[in-house]
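These notes concern the structure reproduced below.
Note on naming: letters A, B, ... go to the chains in the order of the sequence lines (proteins, then strands), and numbering restarts at 1 for each one.
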There are 2 protein chains.
Amino acid sequence: MTLSEEDYIKAIYHLGKGENNIVSTNEVAEQMKTKPSSVTDMMKKLSEKGVANYRKYKGVCLTEHGLKVALTLVRKHRLWEVFLVEKLNFAWDEVHEVAEQLEHIKSEKLTDSLDKLLGFPQVDPHGDPIPSKNGEFKKAVKKLLNEVPVGTSGTCVGVKDSSAPFLKFLDKNRIALGDTILVLEKEEFDGSLHIQVKGKDIRISDQIAANLYLKITE
Amino acid sequence: MTLSEEDYIKAIYHLGKGENNIVSTNEVAEQMKTKPSSVTDMMKKLSEKGVANYRKYKGVCLTEHGLKVALTLVRKHRLWEVFLVEKLNFAWDEVHEVAEQLEHIKSEKLTDSLDKLLGFPQVDPHGDPIPSKNGEFKKAVKKLLNEVPVGTSGTCVGVKDSSAPFLKFLDKNRIALGDTILVLEKEEFDGSLHIQVKGKDIRISDQIAANLYLKITE
DNA sequence: ATTAATATTTAGACAAATCTAAATATTTGT
DNA sequence: ACAAATATTTAGATTTGTCTAAATATTAAT
Ligand SMILES: [Mn+2]
Ligand SMILES: [Mn+2]
Ligand SMILES: [Mn+2]
Ligand SMILES: [Mn+2]
């Protein structure tokens with residue numbers, strides 16, 4: 001598989017939302033930042049190679065084999081992202097571009113050794129699950145912090161309210177995107193939460209919780 | 001610079017023996033496992049881009065700028081090799097092929113963070129020196145262990161005598177290719193050596209030393 | 001100093017990945 | 001159901017990196 005073919009396979013995979021849905025030529029073109037005509041050519045090639053099912057004007061989805069290729073790429077991409085954050089102190093939002101390159105390195109031994117070095121992580125710095133060597137993984141969903149049950153652990157991936165006061169609050173309480181948050185307790189009376197972030201316990205109001213997105217794998 | 005261009009630049013660099021000597025079209029073709037006609041085309045392109053000086057029928061060498069590019073690639077290649085051995089427990093002879101891919105990853109921050117993670121290593125697992133961020137490095141020479149002065153440290157890179165008894169001796173004494181050897185003391189009387197390998201001190205005869213190649217940076 | 005051998009370049013072709021412009025198919029709105 | 005809008009494919013061109021075969025230059029040998 002060439003680098004380009006691999007990126008197209010990943011695009012089809014991601015656009016299919018992990019469900020291997022059929023995706024359109026234009027969708028792929030937008031994702032890949034190429035023209036629809038280029039996509040058509042590539043879809044024919046991927047079909048030839050047996051990694052995609054493409055029907056003229058009808059769209060494209062991955063074959064069983066194509067799905068395996070996609071999952072291997074996703075696995076490598078996310079493992080490298082963990083590596084960059086955990087071992088090289090990259091920030092949450094600096095890793096994607098480099099991982100986009102590293103995911104194409106061909107060495108099964110490298111991937112598996114990296115997995116081991118990192119302690120077989122389950123999720124990447126964006127809270128997305130990392131497929132295991134044989135392609136299994138849990139799906140991630142994004143939920144507001146006030147909607148998850150006590151005991152849930154997830155990655156902080158966004159805010160609903162992006163006003164200055166709210167962001168200032170998060171900063172003051174050392175809550176940042178990419179942090180792992182564990183819900184310890186929920187107060188019946190006012191819906192306030194007792195959570196753990198970066199090893200520290202803090203309490204937050206229902207209002208705060210209602211504006212923080214968590215990515216959780218179930 | 002494309003991946004292909006980068007590999008050609010490295011080829012010119014290595015064939016020039018670090019001296020930026022002029023190298024011939026056929027030499028480059030052999031090194032790159034391509035045909036001379038392909039090399040001619042690429043040399044024209046590299047000249048256009050200002051990284052090489054090419055004169056028809058006369059050969060090619062790197063420009064100042066090309067040399068910088070080459071040294072950056074060598075730096076990345078060797079840092080990745082150290083990473084693979086030190087952090088992922090790859091064997092001495094498994095790293096080159098993967099490093100050949102990893103050296104093309106474009107991220108200065110990645111390279112420098114990796115350097116730091118590894119503790120700013122001076123040599124790669126083959127005993128070859130690693131250029132610093134600004135392109136400086138010492139040259140390596142290969143010498144027989146019995147020819148280096150006391151106090152010298154180097155990487156074991158080969159044997160002169162490859163007979164079974166000799167290899168068995170090395171195995172018994174836990175000396176392997178890729179090991180760092182430090183010469184602690186030399187016995188005047190018989191030329192026998194007191195050396196340190198993998199933290200252990202051992203004594204070896206002049207005959208043994210005369211059949212072990214060490215790569216040292218001066 | 002010719003000739004033979006070797007090295008190098010040129011010419012022309014090809015596959016991969018992309019593009020633009022034109023043609024065709026599908027979908028949507030009335 | 002038809003026209004208009006949108007989506008998709010086809011045709012033809014371009015760039016990059018490669019190749020083979022033929023032409024030319026350099027070097028070595030007599
Ligand atoms: Mn990513
Ligand atoms: Mn990629
Ligand atoms: Mn190497
Ligand atoms: Mn390479």
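- Taking atom OH of A:Tyr57 as the reference point, atom C1' of D:dT6 lies 13 Å away to the nearest angstrom.
- Looking at A:Glu81 and A:His126, their side chains do bring a donor and an acceptor atom within 3.5 Å of each other.
- Following rounding to the nearest Å, A:Glu27 (CD) and D:dT6 (P) show an atom-to-atom distance of 17 Å.
- Here the C1' atom of nucleotide D:dT26 and the CG atom of B:Asn26 are 12 Å apart, to the nearest Å.
- Rounded to an integer number of Å, the gap from CZ of B:Arg55 to P of C:dA7 is 19 Å.
- The NZ-C1' distance, from B:Lys58 to D:dT27, rounds to 11 Å in whole Å.
- Per the geometry, CE belonging to A:Met1 stands 19 Å off P belonging to C:dA15, to the nearest Å.
- Rounding to whole angstrom units, CG of residue B:Asp41 and C1' of C:dA15 are separated by 16 Å.
- Distances were taken from every side-chain heavy atom of A:Lys35 (C-beta onward) to each of C:dT9, C:dT20, C:dT18; the shortest belongs to C:dT20.
- A donor-acceptor pair under 3.5 Å links the side-chain atoms of B:Asn20 to the main chain of B:Leu62, judged by distance alone.
- Taking only side-chain nitrogens and oxygens, B:Lys44 comes nearer than 4.0 Å to OP1 or OP2 of C:dT10.
- The residue A:Thr25 sits close only to the backbone: its heavy atoms come under 4.0 Å of sugar-phosphate atoms, none of a base.
- Heavy atoms of B:Ser38 sit under 4.0 angstrom from at least one base atom.
- You'll find a donor-acceptor pair under 3.5 Å spanning the side chain of B:Ser37 and the base of D:dT20, going by distance alone.
- Contact between the side-chain N/O atoms of A:Tyr8 and the OP1/OP2 oxygens of C:dA16 is not found at any separation under 4.0 Å.
- Using cut-offs of 30° and 60° for the angle between ring planes, the A:Trp80 and A:Phe83 rings count as perpendicular.
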Discussion item. Let's go through A:Ser163 and A:Asp161 carefully: what are the C-alpha distance in whole Å and the side-chain angles of both, what is the deciding distance for side-chain hydrogen bond (donor to acceptor under 3.5 Å, both in side chains) to 0.1 Å, and is it a yes or a no?
Written reply: CA-CA 6 Å; A:Ser163 67; A:Asp161 174 0; 3.0 Å; yes
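- With rounding to whole Å, A:Lys56 atom NZ is found 11 Å from C:dT24 atom P.
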